[in-house]
Number of protein chains: 2
Amino acid sequence: MTGNANTIGRPRAFDVDKALQKALEVFWEKGYEGTSLPDLTEAMGINKPSLYAAFGNKEQLFLKAIELYENRPCGFFQPALLQPTAYQMAEHLLFGAAISSSDPSNPKGCLMVQGALSCSDSANSVKQMLIEKRRSGELQLQQRLEKAQAEGDLAADADCAALACFLVVQLHGMSIQAASGATAERLQQVAVIALKAFAKAALQQTATADSAN
Amino acid sequence: MTGNANTIGRPRAFDVDKALQKALEVFWEKGYEGTSLPDLTEAMGINKPSLYAAFGNKEQLFLKAIELYENRPCGFFQPALLQPTAYQMAEHLLFGAAISSSDPSNPKGCLMVQGALSCSDSANSVKQMLIEKRRSGELQLQQRLEKAQAEGDLAADADCAALACFLVVQLHGMSIQAASGATAERLQQVAVIALKAFAKAALQQTATADSAN
DNA sequence: AAAGATACCTACCGAACGGTACATAAATAT
DNA sequence: ATATTTATGTACCGTTCGGTAGGTATCTTT
C-alpha cells in the first residue's frame, strides 16, 4: 500500500505517508483554516499540483490527516476502551490525554478540538465533521461505561452519559490547557484529581477495592 | 461616554455599543479569523469605513469585543472569586460556566477559548493575547485558592496551582462540549461531578461541613 | 525505439481577504 | 450664509486565498 513500486508512469518523487505526516503537523499547529496551501506545500516539500494529484484537495487532505491523527498521536483512546474495568479505562484516558496533549515532540493540544473549533461558513462542513467525531468518541465512552455497569463494574445508579461527558470534558479541557502552555506534570496532577471524582461518582455503590485516595 | 450628544460634525448614524455587541456575537460564532469584514459590517449594519473610523481595525475591534465579553457573557467569573469560601467559588464557577456556555441566547462555548485557538501566523498576536487572558484567569483562581488556604478554608496541603488548573480544565472542557451541542442539564451534571472532586481534593484535611455527597 | 501513462513545475485563474481614497452628506461654529 | 468638522457610501487598492491549465520530464509497456 505504501510503496509505489511497480506502477506505470513516472514514479512519485516524494513519500505520500511522510508528506501526510507533515500535513498533519501543520494542520495540528494552525488548524484547518489557519493553514494555507503554501504552508502545506512548504512543509510537505511538494508543490500544489502534486498535492492535489495525491490528496484531492485541502479538505480531503485534512480528512486523511485526521484519520492519521486518530491512529497515531490520539492512539491512546481506543486502547483505553479495552481496559478491563471502567476505572482503568478512565485512568488510561486521563493520563493518556495529559501526556499526549503536552507531548513536546508534537504541537500542543488536540487536533480534533482545535482543528476547526470555530471557523468561517465555508469550513462549516469540516467543523461539523469534527463535532461528530468528538460526539462519536463520547458515545463510545458511554457505551463502554454501560457495559461496565452491566458487568457490575460500575455503580448501578451511575449516570453513564454524564460520566462520559465528564471524562470528555477532562480530555478537551486538558488539551486547551496544553495549548496554553501547561506542562505534562500539571496535567497529570489534574488527571489525578479528575480520577478521584470519577471513582467517587462511578463506584459509590460497588465500593471497588483499588483506587480513590 | 456612550451618547455622542453635543459634538461637532455629522453625528453617527449607528449606536457604537450596539454595533460592538453585534460584532461580539459574530466573533463568538466564527472566531477571529473565521469572521470576515463583510460578516462584521452586515451584522453591525454599517460599512467598512464607518467600522474603521469607530473601532480602528479588525484586531482592535476584536479586543473591544473581548473586553465586552469579559464584562457581560463571561461575567460570572469575577463574582465567583468574591464568594466567601473556596468551595462556593468553585460552585459558582462550575455552574456559571455550565449555564453560560450553553445559553441558547448566545453562541455556544467560550469566546476566550474558540476566538483564536489555532490560527494562521498573521493572527498569532490575537491567539497569544487570548492565551494570556486565560492564564491570567487561572492565576487569579490560584491566588483566590491560596487566600482560602491562608484562611483555613482549604486544606493546608492542597496544591492550589493544580486545583486552579483543574477548575480551568472544567470551564474550558465544558465550553467545548457546549460548542459540540451539549445541553445545560448535561453540563450541570458534569459540574456536580467535578465539584465532588474539588471538595475531595481541596478539603481533605479540614473536612468542611457542607458539600460532598 | 516508439507509445502510453503518470508526475513535476511554472504560471496563471477568479474570488475573497483586510484596508483605504475620495467625493458627498449632515451636523456645529462663526 | 459660510467655513469647519465629522460620518457615510462607493469604488477601489494590493495581497492572498484555494485551485488548475498546459507543457515537460520520467517511468513502463510493447
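Computed over heavy atoms, backbone and side chain alike; hydrogens, waters and symmetry mates excluded. Here the structure is a predicted model, which means the values were calculated and not measured. Below, read A as the first sequence line, B as the second, and so on, with proteins coming before strands; counting in each chain starts at 1.
- Rounding to the nearest 0.5 Å gives a distance of 8.5 Å between CD of B:Glu29 and OG of A:Ser118.
- Residue A:Asn47 has no polar side-chain atom (N or O) positioned under 4.0 Å from OP1 or OP2 of C:dC8.
- Using a 4.0 Å cut-off between charged side-chain N and carboxylate O, A:Arg134 and A:Glu138 make no salt bridge.
- As rounded to whole Å, 16 Å separates atom P of C:dT10 from atom CG of A:Leu51.
- Under the ring pair (Phe, Tyr, Trp, His ring centres under 6.0 Å) criterion, B:Phe27 pairs with B:Phe62, not counting sequence neighbours.
- Residues satisfying the side chain to side chain donor-acceptor pair (under 3.5 Å) criterion with A:Asn124, sequence neighbours excluded, are absent altogether.
- Checked against side chain to side chain donor-acceptor pair (under 3.5 Å), A:Glu146 has the following partners two or more places apart in sequence or in another chain: A:Gln142.
- Look at CZ on B:Phe62: it is 13 Å from P on C:dG18, rounded to the nearest Å.
- At whole-Å resolution of the value, CD in B:Gln60 and P in C:dG18 are 15 Å apart.
- Among pairs with a residue in residues 64-77 of chain A, those fulfilling side chain to side chain donor-acceptor pair (under 3.5 Å) read A:Glu70-A:Lys133, at least two apart in sequence or across chains.
- Rounded to whole Å, atom P of D:dA7 lies 12 Å from atom CZ of B:Phe55.
- A heavy atom lying under 4.0 Å from DNA chain D marks none of the residues of residues 119-131 of chain A.
- Computed from coordinates, the B:Ile46 CD1 to C:dT20 P distance equals 15 Å when rounded to whole Å.
- Between B:Glu42 atom CD and D:dG9 atom P the separation is 15 Å, expressed in whole Å.
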Could you pull out every donor-acceptor pair under 3.5 Å between side chains of residues 42-49 of chain B and any protein atom, sequence neighbours left out?
from, atom 1, to, atom 2, distance (Å)
B:Asn47, OD1, B:Ser50, OG, 3.0

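- Proximity of A:Ser50 to the phosphate of C:dA7: no side-chain N or O atom is located under 4.0 Å from OP1 or OP2.
- Between A:Leu40 atom CG and D:dT16 atom P the separation is 17 Å, expressed in whole Å.
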*Sugar-phosphate means primed atoms, P, OP1 and OP2; the rest is base. With that split, encode nucleotides 17-27 of chain D 5' to 3' as B, S or - using protein heavy atoms under 4.0 Å.*
SSBBB---BBB
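- A salt bridge (charged side-chain N to carboxylate O under 4.0 Å, His left out) check over residues 81-93 of chain A, counting only residues at least two apart or in different chains, returns nothing.
- Atom CZ of B:Arg12 is separated from atom P of C:dT28 by 16 Å (rounded to the nearest Å).
- B:Gln21 is linked by a side chain to side chain donor-acceptor pair (under 3.5 Å) to B:Glu25, counting only residues two or more places apart in sequence or in another chain.
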